[in-house]
Amino acid sequence: MLLFQDILELITSEARKHIETVNEKDVIFDPTEHAHITIRLIRYQKENNFKPKMEAIKEDVEKMPFVKSIKFESGYLNINLDSSYLYRAISESIETTGTFPDSFQDPERVSVEHTSTNPTGPIHMGRIRNSIIGDSLSRLISRYGYRVVTQYYVNDSGKQMISLYLGYEKFHKGEPMTEEILLDGYRKIYEYLEKVGSEGEVENLMELYEKGDGDLISKVREIAQVMLDRIVEDMKALDIHMDEFTWESEFITTGETKEVVSRLSESLHDENGAKYIDVPDVRKIFLMRGNGTSLYLTRDIAYHMYKFSQYDRCIVVVGEDQKEHGKVMKYIMNDLLEYPNSLEYLFYGMVGLESGKMSTRKGTGVYARDVYKQLVEKAREEVIKRYKDGEDVDDISRKIAVSSLRFYMLKVSTSKPITFKWEDALDFNGETAPFIMYSYTRAGSILKKVTTSGKADFKDMKEEEEALLVEMYKYPYKIIEAYRNLKPEVLTNYLLVLSRKFMRFYENCNIMGEETNISNRRVEIVKMFMKIMKDASYLVGIEHVDRM
RNA sequence: GGGCGCGUGGCCAAGCCUGGAUAUGGCAACAGCCUCCUAAGCUGUAGAUCAGGGGUCCGAAUCCCCUCGCGCCCGCCA
């Protein structure tokens, strides 16, 4: 959990002394420009004795150390904060703990499963959204104070993998197993199957596989590994790291799918030898085929049983096309198997193309690595425009590319579908990662040029300084909001707002050539800003550079 | 057909969970700002029946119902 002084809560409890039903929703950072914090009392206005109660609240709140002023305006008690208090609160936290807000390690173990894309080809823009959301989510939960492990479920069984294998065997047998060759075989096998019209070959192999044929399983796994290595490489380029890989085939070879079926035996029904369960409000869900082989869901249950043995809380990041699958899993794990562990899903909206859907098989996908490469190129051009010299150009370009791609995927609510457009992805102006990075760079360049000594004082605090301080003080609340709702996008939006507030500060509050007391104070504000920026940016994968 | 979700200026989004003060930003457009800490920026102008209709409420972009439009799901696939 986070450790910081929750002034909203303090104000709430103060208000409650006089009007008992005031709750945390009534005391908020004011979204309009009337005040820093407001207490919404509109709905109490018509009650008896409202005025004396309101006056009493006003009087008590006014005495609070962080309150500069408070006045009643059309149903609201509008509070302006003492920005020197905020300044000290933030700087003390940073001085004593090295961070703002500080956090306390919770013993609960959390698993975040993400990406888990079939290793049948390079990761495309649809799937990379999963990785980016999942990685940011794991950073966020860890920042909040939990021990987090990220997990990739490697789907090396099933029709698509068998097809990939068959494509190689049929069209490229003996050739080196490279991504390119495997992909070529994959496309050819689908064309072949469509022409010949017989999927019998695939089905026979699947059955063989399902029965646990060691030779076949290891061959398929070898191919999967080749593809997976490239996927991991692509993720690594975006600073996405997976802690653990679990192979689906292991649940077949170890017989754990059989364990699943026996544990669920009481709920199983029979249909021509196949076994299914009835999931309320859904339909018949099959766990065993008539021929005795398992299905994807069966293996996924086994995987979740494994996860539940290791983690208290399991979060799965998957596309919204799997909402029903998630519902079924929850029902099975919590209601039928009665696990107490928490299973949560973050369903994200699909990434489409202007021309339609992405498909590796059909070759209509846009690969993440291609977008990344283009971003690096574009970034390099932009950097060179500004600085002809320097060995750091590669590093800067890389960081801009990583940040831009991650930001692009997170700026819109994760639950909303997005349409990938090259033009938008490559845009560096407006609400983009470079905007956020640029505010940090500007802050840094002040520190390079200004030396401070001595004390700061708080006279003549400008509006832009106060606004920046208040915004920084909101940071813990933003982490909490993002964490509770599993919404990393709360932080990208926060970063935009914070950067914008800084830009205004930068434009309006001079530091060089200012009176020392004031410039000392502003320099400290700049330092705090950079600290919080770096902290929040890390959570969503935005990196910072000294110059750009 | 059934289920789930979405619909906010020309375009893209925030706000919706937890109802309240003039609906917040960006892109594009127009007009300005670099003898001064990086103009990837800042300031200003213009632009909105919050899909439509009904309901609840003192009060609705936000909650409920209906209609329309769009997306996703409805395999002994994964």
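- Comparing B/U24 with B/G9, their P atoms sit 14 Å apart, to the nearest whole Å.
- Each of B/A78, B/A21, B/A14 was ranked by its minimum atom distance to the side chain of A/Asp30; first place goes to B/A21.
- Heavy atoms of A/Arg299 sit under 4.0 angstrom from primed sugar atoms or phosphate atoms, though from no base atom.
- Here B/C77 presents its P atom at 18 Å from CE of A/Met161, a figure rounded to the nearest Å.
- A/Asp424 comes within contact range of no nucleotide atom at all, as no heavy-atom separation falls under 4.0 Å.
- Using a 4.0 Å cut-off between charged nitrogen and carboxylate oxygen, A/Glu465 and A/Arg522 count as a salt-bridge pair.
- Separating the CD atom of A/Glu320 from the P atom of B/G3 is a distance of 18 Å, rounded to the nearest angstrom.
- Proximity of residues 273-284 of chain A to RNA chain B (heavy atom under 4.0 angstrom from any strand atom) is restricted to A/Ala274, A/Arg283.
- Contact of the A/Tyr372 side chain with the A/Leu375 side chain is not registered, since no non-hydrogen atoms from C-beta on lie closer than 4.5 Å.
- A/Tyr153 and A/Ser116 get closest at one heavy-atom pair: N-OG, 3.0 Å.
- Residue-level contact check: A/Glu271 touches the bases, meaning some heavy atom is under 4.0 Å from a base atom.
- Using a 4.0 Å heavy-atom criterion, one finds that A/Gly290 contacts the bases of the nucleic acid, with or without backbone contacts as well.
- Side-chain contact check for A/Phe420 versus A/Val371: some heavy-atom pair is nearer than 4.5 Å.
- Going from the P atom of B/C12 to that of B/U49 covers 16 Å, rounded to whole Å.
- Within the nucleic acid shown, A/Asp26 has no heavy atom closer than 4.0 Å to any nucleic acid atom.
- Counting only heavy atoms from C-beta outward, the side chains of A/Met125 and A/Leu405 approach each other to under 4.5 Å.
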Letter per nucleotide, 5' to 3', of nucleotides 38-47 of chain B [B base touched, S only sugar-phosphate touched, - untouched; heavy atoms, 4.0 Å]: BSBSSS----
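- The NZ atom of A/Lys399 sits 9.5 Å away from the CG atom of A/Asp392 when rounded to the nearest 0.5 Å.
- Rounded to whole Å, the C1' atom of B/U43 lies 16 Å from the corresponding atom of B/G25.
- Spacing of C1' atoms, B/C65 relative to B/C27, comes out at 37 Å, to the nearest Å.
- Here, B/G7 and B/A48 have their C1' atoms 14 Å apart, quoted to the whole Å.
- When each of B/C73, B/A78, B/G20 is scored by its nearest atom to the side-chain atoms of A/Glu324, the top-ranked nucleotide is B/C73.
- Note: CG (A/Asp321) to P (B/C74) measures 8 Å, nearest angstrom.
- Heavy atoms of A/Ser439 sit nowhere under 4.0 angstrom from any nucleic acid atom.
- A straight line from CG of A/Leu77 to P of B/A21 spans 16 Å, rounded to a whole angstrom.
- The heavy-atom pair separating A/Thr414 from A/Leu410 by the smallest distance is CG2-CD2, 4.0 Å.
- If you measure from atom CD1 of A/Ile28 to atom C1' of B/G15, you get 12 Å, rounded to the nearest angstrom.
- Classification of A/Lys501 and A/Glu471 as a salt-bridged pair holds, one side-chain N sitting under 4.0 Å from a carboxylate O.
- Residues A/Ser294 and A/Asn485 each lie close to RNA chain B; by heavy-atom proximity, the contact nearer the 5' end of the strand is made by A/Asn485.
- At whole-Å resolution of the value, CD1 in A/Ile285 and P in B/G3 are 17 Å apart.
- One C1' atom belongs to B/A23, the other to B/C68, and the distance between them is 24 Å to the nearest Å.
- Here A/Lys53 contributes atom NZ and A/Phe50 contributes atom CZ; the two are 9.5 Å apart, rounded to the nearest 0.5 Å.
- For the pair A/Phe72 CZ and B/A21 P, the computed distance is 15 Å after rounding to whole Å.
- Atom CG of A/Asp546 is surrounded by 12 or fewer heavy atoms from other residues, nucleotides or ligands within 6.0 Å.
- Annotation: side chain of A/Phe286 is not in contact with side chain of A/Lys275 (no heavy-atom distance under 4.5 Å).
- In this structure, the nucleotide among B/U18, B/A21, B/C76 sitting nearest to the side chain of A/Lys25 is B/U18.
- Heavy-atom nearest nucleotides on RNA chain B were determined for A/Ser74 and for A/Asn155, and the one closer to the 5' end corresponds to A/Ser74.
- In B/C34 the O4'-C1'-N dihedral to the base is within 90° of 0, which defines a syn nucleotide.
- At a threshold of 4.0 angstrom between heavy atoms, the contacts of A/Asn510 include nucleobase atoms, whether or not backbone atoms are also involved.
- Taking atom OH of A/Tyr44 as the reference point, atom C1' of B/G20 lies 12 Å away to the nearest angstrom.
- Residue A/Arg127 places none of its side-chain N or O atoms closer than 4.0 Å to OP1 or OP2 of B/A78.
- In terms of heavy atoms, A/Phe428 sits closest to A/Pro434 at CD2-CG, 3.5 Å.
- B/G75 sits 41 Å from B/G10 when the P atoms are compared, rounded to a whole Å.
- Of all heavy-atom pairs between A/Phe529 and A/Leu468, the closest is CD1-CD1, 4.1 Å.
- Annotation: B/U62 and B/C30 have their C1' atoms spaced 34 Å apart (nearest Å).
- The cationic atom of A/Arg547 (NZ for Lys, CZ for Arg) lies less than 6.0 Å from the six-membered ring centre of A/Tyr387 and within 45° of the ring axis.
- A cation-pi arrangement is present between A/Lys284 and A/Tyr276 under the rule of less than 6.0 angstrom and at most 45 degrees off the ring axis.
- Contact annotation: A/Lys416 reaches the phosphate of B/G7 (side-chain N/O to OP1 or OP2, under 4.0 Å).
- Counting any heavy atom pair closer than 4.0 Å across all strands shown, A/Lys323 reaches sugar-phosphate atoms only and no base atom.
- Contacts of A/Leu295 with the nucleic acid, taken as non-hydrogen atoms under 4.0 Å apart, involve only primed sugar atoms and P, OP1 or OP2.
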Watson-Crick and G-U pairing of RNA chain B, under 3.5 Å, as dot-bracket with | and [ ]: (((((((..((((......[...)))).(((((.......))))).....(((((..]....))))))))))))....
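- At the heavy-atom level, A/Thr293 lies nowhere under 4.0 Å from the strands shown.
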